[in-house]
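One structure is given here, and the rest of the page talks about it.
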Amino acid sequence: MYREFKREVESLLKLALEEASYECSSLELEQSEHADISSRVAFTLATRYRKSPDSIASDIVRHICIPSTDQTLIADVVAMGPYINFYVNDTFLNATLQRIIEGTTRRKDTRDIKIIVEHTSANPDGPLHIGHLRNAIIGDALARVLVRSGYRVETHYYVNDMGRQVAVAVWGASRFGLSTEKKGDHAVVDAYIAANRLLESEAKYQSEVETLMQRYEKGDVEVMKQYEVVVQRCLAGIKASLQRLNIKHDHFIFESRFVRSGDVERIIEELKQKGDIKYEGSAVMLRLEGIEKELVIQRTDGTSLYTTRDLAYHRWKSERCDRMIDVFGKDHELVSQQLREALILLDVKVLPEFVIFEFVSLPSGSLSTRAGRYISADELMDKIEARAYEEVDKRRGDLSAAKKREIARIVGIGALRYDMVKVSPDKHIMFDLEGALDIEKKGAPFIQYAHARACSILRAASERGITASESADLDLLRANSEVALIKKLSMFEYMVDNAAYELKLHPVARYARELAESFNIFYKDCPVLNTSEELREARLVLVECTKRILGDVLSVLGIEAPEEM
RNA sequence: GGGCCCGUGGCUUAGCCAGGAUAAAGCACCGGCCUUCUAAGCCGGGGAUCGCGGGUUCGAAUCCCGCCGGGUCCGCCA
């Protein structure tokens with residue numbers, strides 16, 4: 001509803017500026033603690049028209065005419081010094097609640113734009129670790145935000161099955177076997193680590209790995225079968241981990257398909273024609289506009305490279321969507337620029353947009369699957385759920401063990417997901433396990449708790465045979481904490497649209513926390529069940545609306561909303 | 001060496017792109033609040049020359065230049 005309010009303010013302000021004959025390019029509207037929306041346009045005009053900002057502001061306000069219809073959402077506009085402050089009216093507050101109750105805030109497929117979001121895409125050589133988790137959680141939440149904002153979204157996991165790493169894992173599996181006891185990804189990583197150790201000490205095995213890669217690229221049936229077993233077992237494990245996190249990809253795209261289909265070959269030929277090419281022996285390098293480092297597109301032995309296969313994948317994607325977004329770690333930044341430039345060269349119309357996030361490192365140093373220096377996502381989830389269980393057990397001894405486990409799962413995974421999206425992606429994260437286990441008070445559990453409280457009130461009401469009624473008199477909701485809460489509720493769609501536009505999630509995480517906070521203050525201030533009948537009906541509507549939006553904002557972040565905790 | 005990112009109370013961050021109203025939160029710390037819908041809560045308090053130095057501006061955490069500290073990339077790896 002905030003969006004509608006802002007639009008009305010924009011049109012009124014624009015009109016007033018015309019009538020007062022001021023010209024400016026921007027209305028300079030901003031959210032403010034002093035008003036529901038505020039314009040500082042008077043500052044800009046002051047320089048040009050050589051008048052004091054204060055007098056310009058009051059001049060503009062004199063020209064603003066708030067319509068007297070019952071459609072308007074604006075109660076008042078005042079000049080506070082140089083600022084022009086707008087305030088919402090009762091229509092706005094009531095309409096906010098009505099729209100939530102009617103469910104008209106949902107905007108499914110309203111944009112008719114299809115976006116492919118690629119995320120996670122960890123090599124199938126072992127389990128996911130914290131670094132992959134940041135990628136997966138950002139990617140998944142981004143996809144959810146985009147869906148909620150009205151886009152059609154498809155999520156991809158790009159499987160690098162042709163790289164050296166996987167070849168090493170396959171080689172290791174054939175030499176050491178794969179544990180049948182362990183979860184697939186953990187079984188594969190054992191073989192992978194053992195293989196790396198052996199390869200480091202005895203160089204003679206290197207050629208065996210290379211042979212394996214060449215045979216796989218050529219489509220050797222026997223080698224393909226070997227790969228199939230290893231990759232599928234590993235992916236099965238990875239999928240299971242992702243499922244625990246509430247993450248599911250629509251498609252797993254194997255890079256090998258682009259080699260086998262001849263697409264990679266075609267790309268290389270086209271680049272040779274269109275690009276600034278340099279040969280070094282039989283290797284082919286491509287010079288790209290504005291990038292110092294040239295890109296190798298074909299190796300001396302004629303086999304393909306990751307970037308070339310990725311080019312084929314992106315061109316293929318571009319024919320299937322209107323926009324594509326790749327979630328990449330910071331280490332892929334240069335690659336992403338090369339990718340983009342090469343795609344332009346290939347005349348691809350839909351270019352990838354990149355969401356780049358900074359690294360996650362351990363106090364002991366950077367992460368390395370190869371060296372076995374990582375905390376697996378599974379281990380982390382186990383620990384965090386166990387920690388959450390202690391907390392639930394302490395507070396809710398009355399519940400069954402199964403119920404407590406369920407709540408611990410929701411709270412633990414929620415806390416993990418929230419931690420990953422609450423900060424800007426370009427902030428480096430030093431991962432500290434103890435810190436993560438110490439479930440932050442104002443993180444996901446805080447928001448989930450507010451949701452559980454809302455549910456608890458509604459449950460108690462329905463036990464007494466009272467439900468949120470449509471005939472409730474919403475004009476009764478005018479206590480400070482009630483108004484503050486309704487205003488927060490009105491911001492939800494606006495926040496989501498903004499996040500979808502900026503491709504940034506942390507403002508949504510922040511909003512979720514603020515909404516929970518507003519509800520907690522209301523909860524303290526305003527008894528719902530224990531008050532007059534009219535007020536009770538109205539407050540139940542507010543509680544119902546808050547429960548829905550809390551549930552919605554959590555769901556946009558991929559976090560479950562418990563009914564009790 | 002070059003590119004990119006980060007540097008805001010003891011700790012973790014928001015605000016920076018589109019400069020303006022007392023620099024905003026959380027954790028930690030101190031003090032209050034459970035005979036009323038879950039205290040994973042609420043209320044109050046102390047604590048920051050926004051890394052440093054210049055510049056632009058009526059006005060700079062925000063823009064520009066130069067430093068300093070930290071990270072990362074610069075493979076015929078992915």
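We name chains A, B, ... by the order of the sequence lines, and we start the count at 1 in each one.
In this entry the distance linking CD of A:E210 with C1' of B:rC76 reads 11 Å, nearest Å. For the pair A:Q338 CD and B:rA78 P, the computed distance is 13 Å after rounding to whole Å. A:E118 has its CD atom 12 Å from the C1' atom of B:rA78, to the nearest Å. At whole-Å resolution of the value, CG in A:N480 and P in B:rC43 are 13 Å apart.
In this structure, of B:rA21, B:rC76, B:rC42, it is B:rC42 that holds the atom nearest to the side chain of A:K442. Nearest to the side chain of A:I407, among B:rC76, B:rA40, B:rC17, sits B:rA40.
Classified by interplanar angle (parallel below 30°, tilted 30° to 60°, perpendicular above 60°), the ring pair A:Y205/A:W171 is tilted. Below 30°, between 30° and 60°, or above 60°: for A:F258 and A:Y313 the angle between ring planes is between 30° and 60°, a tilted geometry.
Annotation: A:F328 is not in aromatic contact with A:F357 [ring centroid separation under 6.0 Å not met].
Judged by closest nucleotide on RNA chain B, A:K422 is the one of A:K422 and A:V392 placed further toward the 5' end. Ranked by how close their nearest RNA chain B nucleotide is to the 5' end, A:M285 and A:E28 are led by A:E28.
A salt bridge between A:D326 and A:K317 is present, with a side-chain N of the basic residue lying under 4.0 Å from a carboxylate O of the acidic one. A salt bridge is defined here as a Lys NZ or Arg NE, NH1 or NH2 lying under 4.0 Å from an Asp or Glu carboxylate O, and A:E10 with A:R7 fails to meet this definition. With respect to the salt-bridge test (charged N to carboxylate O, under 4.0 angstrom), the residues A:K330 and A:E333 qualify. Between A:K394 and A:E391, at least one side-chain nitrogen of the basic residue sits less than 4.0 Å from a carboxylate oxygen of the acidic one, meeting the salt-bridge criterion. With respect to A:K488 and A:E517, no salt bridge is recorded, no charged nitrogen being found less than 4.0 Å from a carboxylate O. Checked for salt-bridge contact, A:R134 and A:E358 miss the test: no charged N lies under 4.0 Å from a carboxylate O.
Counting atom types as modelled, A:D161 pairs no side-chain N or O with a base atom of B:rA78 as donor and acceptor under 3.5 Å. Counting atom types as modelled, A:S424 pairs no side-chain N or O with a base atom of B:rA14 as donor and acceptor under 3.5 Å.
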Item checked: Pair A:E385-A:R405, salt bridge (Lys or Arg N to Asp or Glu O under 4.0 Å): steps then yes or no -> CA-CA 8 Å; A:E385 282 181 17; A:R405 260 198 304 278; over 6 Å; no
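Going from atom OH of A:Y192 over to atom CG of A:N123 covers 7.0 Å, rounded to the nearest 0.5 Å. Note: A:L286 CG to A:K278 NZ = 11.0 Å, rounded to the nearest 0.5 Å.
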Next item on the list: Dot-bracket for RNA chain B, please, read 5' to 3', with Watson-Crick or G-U wobble pairs under 3.5 Å on both distances, ( ) within the strand, [ ] crossing, | other strand, . unpaired.
Entry: (((((((..((((......[...)))).(((((.......))))).....(((((..]....))))))))))))....
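The C1' atoms of B:rG47 and B:rU38 are separated by 33 Å, rounded to the nearest whole Å. Nucleotides B:rG9 and B:rG46, compared at atom C1', are 11 Å apart to the nearest Å. B:rA39 and B:rA48 are spaced 34 Å apart, taking the P atom of each and rounding to whole Å.
Contacts of residues 39-56 of chain A with RNA chain B (heavy atom under 4.0 Å): A:R40, A:F43, A:T47.
Among all heavy-atom pairs drawn from A:A141 and A:L505, the shortest one is CB-CD1, 3.7 Å.
Residue A:E514 is out of contact with every strand shown, counting any heavy-atom pair closer than 4.0 Å.
A:S58 places a side-chain N or O within 3.5 Å of a backbone atom of A:D54 that can act as its donor or acceptor partner.
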Next item on the list: Could you run through nucleotides 2-9 of chain B and give me one letter per nucleotide, 5' to 3': B if any protein heavy atom sits under 4.0 Å from the base, S if only the sugar-phosphate is that close, - if neither?
Entry: S-BSSS--
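Because its glycosidic torsion is within 90° of 0, B:rC34 is reported here as syn.
Residue pairs meeting the salt bridge (charged side-chain N to carboxylate O under 4.0 Å, His left out) criterion with at least one member in residues 459-468 of chain A, sequence neighbours excluded, do not occur.
Considering only side-chain N and O atoms, A:H506 lies under 4.0 angstrom from the phosphate OP1 or OP2 of B:rG15.
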Quick one: which protein N/O atoms are closer than 3.5 Å to N/O atoms of nucleotides 60-62 of chain B? Pair and distance per line, please.
none

N/O to N/O distances under 3.5 Å, protein versus nucleotides 35-39 of chain B:
from	atom 1	to	atom 2	distance (Å)
B:rC37	O2	A:V528	N	3.4
B:rC37	O2	A:L529	N	3.1
B:rC37	N3	A:V528	N	3.0
B:rC37	N4	A:Y523	O	2.5
B:rC37	N4	A:C526	O	2.9
B:rU38	OP1	A:S456	OG	2.2
B:rU38	O5'	A:Y523	OH	3.4
B:rU38	O2'	A:Y449	OH	2.2
B:rU38	O2	A:M565	O	3.4
B:rU38	N3	A:M565	O	2.6
B:rU38	O4	A:M565	N	2.7
B:rU38	O4	A:M565	O	3.4
B:rA39	OP2	A:R453	NH2	2.4

